[in-house]
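In what follows, every chain begins at residue 1, and chains take the letters A, B, ... in the order their sequences are listed.
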Amino acid sequence: MPKAYDPKQAEQKWYEFWFKGGFFQAGKEGSEEKEPFSIVIPPPNVTGNLHIGHALNMTLQDILIRWKRMEGYDTLWMSGMDHAGIATQSKVEARLREEGISRHDLGREKFLEKVWEWKEHYAQIIREQWYKMGLSLDYSRERFTMDEGLSRAVRKVFVTLYEKGLIYRGQYIINWDPAARTALSDIEVIHKEVQGHLYHMNYPLKDGSGFIRVATTRPETMLGDTGVAVHPDDDRYKGLVGQSVVLPVVGREIPIVADEHVDPEFGSGAVKITPAHDPNDFEIGGRHDLPQVLVMDETGTMNENAGPYRGLDRFECREKIVKDLQDAGVLTEIEEHVHSVGHSERSGAVVEPYLSTQWFVAMKPLAKQAIRDTKSGEGVRFVPERFEKIYLHWIENVRDWCISRQLWWGHRIPAWYCADCGETIVRIEDPESCPRCGGGKLKQDEDVLDTWFSSGLWPFSTLGWPQKTNDLDRYYPTDVLVTGYDIIYFWVARMIFTALEFTGEKPFRDVLITGLVRDAEGRKMSKSLGNGVDPMEVIDQYGADAMRFMLSTGYTPGNDQRFRWERVEAARHFANKIWNASRFALMHLEETGAETLSLEAPLSTADRWILHRLNETVETVTESLNRYDFGEAGQALYRFIWDELCDWYIEFAKRPLYGEDEEAKRVTRSVLVYVLDQSLRLLHPFMPYITEEIWQHLPVDGESITVSQWPQKNPAFEATQAVQEMRVLIETIRAVRNIRAEMEISPKKQVELIIRADGSVLSAYRNNESAIRRLCGADRFQAGSDLARPDKATTAVVTGAEIFIPLEGLIDIGQTITRLQDELKKLDKEVERVEKKLANRGFVSKAPAHIVEEEKQKGAEYRQKRDKVKNRLKELQGQDR
RNA sequence: GGACGGUUAGCUCAGUUGGGAGAGCACCUGCCUUACAAGCAGGGGGUCGCAGGUUCGAGCCCUGCACCGUCCA
């Protein structure tokens, strides 16, 4: 094995091995008796490359799947991608634009061919990125939202909801994206605070008796005004209700109406009403039968109703109309005003509230069951819990969902209109003729469905629904969904509604919510800032395992994390550490091969200690994963492997391994192989490649670590005595090293070590003499209960023992005195603290007995240590004079 | 305006039923010691945002405030 781990060489090799071995495939022969465990992938958009957020999300899922697979479940990680309507279509259109053509030049059919080509191209890129990340997706089941099967599911849902009256078509104010030229749903609109203006205008009363003053942030919409509204209780305007004003520029006569909805506190208390360009005005207009006048077209350009402003962009129009109205004395005041303006989530364009005919889903009836479930505690469990409130608040206030999009790329709405009688026909199968008049002139609705309509069916449509397939039966409902908090409304909530409605079950038991991966400065990664991190670049530089470990550990669930290259580097160092520990182990295994661990064999203190600690680590890692606490699991593994296995166990093991005692060698090798094997298994879900690479070198049975058994806690490994002994040994070795460092004793120089102790502590020293000699750099060693204090020796005191290092006069005693005085100060403080606590009657009577007992023991230890230090000081100070 | 998250070592962050403040990186010192210099050994560094409260005991629970951030209206 080479000195450093080379990810590139391992990654491709093992991924191919796994892939060919079919380890990722669910429901293979022999898995019938296993319990199923399933996750569906949040399908990435086929728009392009995966970003680091995907890498995080996918890594977490892969950890869960690999872990459960090792625990013996029949695991399914459903693979697939999303057609991503607007996003994909606009990318393809942009590409075409470079060639100087528009989608209209091509026509619908030809354009869609181009999009399918694009899809195939990027799907392959995405698959390759999945491979590189080491993901154990079931590729044999990969789905696409526009597959035939999934499209059937979409139609089935659409038709069923239509027949129940939960899908309807109508003319309402929707959010219009003038750049993408399509309707949007409410949640596709991002509201941003914008510094704008409030324009005050005086509309002249028809009878010439004066003006009524209105205020607006959007003066260009005045062209579409069809009324002025005031609050019915507003005394200022009581006499004016029922009268008319003459709309400036347009000359239209419009009524003054009274409506409860008007806020008398805002502006002058009178508002202009533009029913075709504002949702509130639409409502008010409806109540008062006001006409609806659209003044813009679908691109945000003023139309023929805008009179002289026709042909102007809406923002140009604003500037011009403000000037004109000022000149005319209508617009009398402009105030600075901060208000919230909707922007398209996709195109970034300012969204236009726009009157148009669209399809909607009535959400309230669908939300009912989901709300009931959550309130009764039977709903989907959110991890972390706090996201449940966010979800609940949204479903309780959900509004109807505009699902039609004026795009070509997507599921075409299964509605046909009869040219002869005007009938609307909604069918799963394409109709041949009109069922009402028998006419054959049917035209399908031009629009497609919101992408999220099909994504909302993902957990069951991918498993074959509406057909009753084996997969659906076996793997549905799924166990957990892993996704970001940014799509709780878009996706998670909608999956829950539709699943409850169409399958009668929750789509998943738990939903694990992840935070965002931000840049090192804490900013959101974005294309415009150019601060995004490409996961492929990270893998290229540090390996997939390092990236996975960095992303999945060391942060809090649900919180954002910052991407820092130093942390990836630290993860790579960790991988390398394991690599070298394994090299060490394999070096000693070469000659003899495998050894089976036997607890009957004469195990050393270190052997029993590391097995005990392994036991605890198995428990911590398993329990943490059960809680989805990847950070804790990762930390436990890091500490165990680096601090305990490498820094202590292996150092202790060197004595027997390099020694002459063949039995001791055998025993040590058996423990080392066992602990390494088990550690690699625990680490495998996090770092699949390096663990497989090493595991394949180890003399253990099994085809692949991927399908090896997950470690179990072994009660026979309990060894509290060994833990106590190791504590003393480690404390002693540290004390000696500390002395050596402070006294500047060269690492090469051997010293003499005399330890005074008795009872079990003494036997611990005697049993581990050679390890202590090695790790303390002591070529002469004595331990006993009644050893004489040597002259000219420096001293340290550890729990239950005194340590002497004779120094042959080359060291000044003053240094030792200073060190012991510092030590004494610390101990005095500790003793004082404990005694104060124990003197507190409240503490002794109210604190739990075991806590009080612990304090007493600590107190005894500190006092004992302190007394020893004091005695030594006295002796030394006497000697110094 | 409402809700939520954050504020802990120079930096990035852990800290799970309240019981002696931790990690990684950075920093200082000494080491190419026969797994690993991507390493080893030793070391310095924090009034846990502020103010109250509950408790024998608060980084952790309660109240208020400040600042940063997110979502919703």
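No engagement by R639(A) is indicated, since no non-hydrogen atom pair under 4.0 Å with the nucleic acid exists. In this structure, R583(A) reaches the sugar-phosphate backbone alone: every heavy-atom distance under 4.0 Å involves primed, P, OP1 or OP2 atoms, never a base. At a threshold of 4.0 angstrom between heavy atoms, the contacts of E396(A) with the nucleic acid are absent. Within 4.0 Å of D647(A), counting heavy atoms only, lie sugar-phosphate atoms of the nucleic acid but no base atom.
Closest to the side chain of H393(A), out of G15(B), C4(B), C72(B), is C72(B). When the nucleotides G42(B), C36(B), G19(B) are ranked by their closest atom to the side chain of P848(A), G19(B) comes out on top.
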Derivation and outcome, side-chain hydrogen bond (donor to acceptor under 3.5 Å, both in side chains), residues Y649(A) and D607(A): CA-CA 8 Å; Y649(A) 182 73; D607(A) 291 335; 2.5 Å; yes
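Considering only heavy atoms from C-beta on, E569(A) stays 4.5 Å or farther from Q541(A) through its side chain. Using a 4.5 Å heavy-atom cutoff, the side chains of E632(A) and R627(A) are in contact. Residues D519(A) and K524(A) are not in side-chain contact: their nearest non-hydrogen atoms beyond the backbone lie 4.5 Å or more apart.
Under 4.0 angstrom from either OP1 or OP2 of A73(B) there lies at least one side-chain N or O belonging to R399(A). Contact check, N738(A) against G43(B): a side-chain N or O comes under 4.0 Å of OP1 or OP2. Regarding contacts with the backbone of U12(B), a side-chain N or O of R562(A) is found under 4.0 angstrom from either OP1 or OP2. The side chain of W642(A) contributes an N or O atom lying less than 4.0 Å from OP1 or OP2 of C40(B). The phosphate of G30(B) has neither OP1 nor OP2 within less than 4.0 Å of any side-chain N or O from R740(A).
Using a 3.5 Å distance cut-off with no hydrogens or angles, the side chains of W648(A) and D643(A) do not pair a donor with an acceptor. Using modelled atom types, one finds a donor on one side chain and an acceptor on the other under 3.5 Å when comparing Y628(A) with D510(A).
For the pair N397(A) (side chain) and H393(A) (backbone), a donor-acceptor distance under 3.5 Å is present. Although no hydrogens or angles enter the test, the distance criterion places no donor-acceptor pair under 3.5 Å between the side chain of E396(A) and the main chain of I371(A). Between the side chain of R773(A) and the backbone N or O of D779(A) there is at least one donor-acceptor pair closer than 3.5 Å.
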Bracket notation of RNA chain B in which parentheses pair within the strand, [ ] cross earlier pairs, and | pairs with another strand (Watson-Crick or G-U, under 3.5 Å): (((((((..((((.....[..)))).(((((.......))))).....(((((..]....)))))))))))).
Contacts under 3.5 Å, N or O only, protein and nucleotides 67-71 of chain B:
from, atom 1, to, atom 2, distance (Å)
C71(B), O2', Y489(A), OH, 3.2

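Nucleotide A14(B) holds its P atom 12 Å from the CE atom of M550(A), rounded to whole Å.
C62(B) and G18(B) have their C1' atoms separated by 13 Å, given to the nearest Å. Separation of the P atoms belonging to U17(B) and C11(B) is 28 Å when rounded to the nearest angstrom. Annotation: G15(B) and G5(B) have their P atoms spaced 14 Å apart (nearest Å). Comparing the C1' positions of G46(B) and A23(B) gives an interatomic distance of 14 Å, to the nearest angstrom.
Judged by atom type and distance alone, K577(A) reaches the base of C36(B) through a side-chain donor-acceptor pair under 3.5 Å.
Scored by the side chain to side chain contact (heavy atoms under 4.5 Å, CB included) test, I390(A) finds F387(A), Y489(A) as partners (sequence neighbours excluded).
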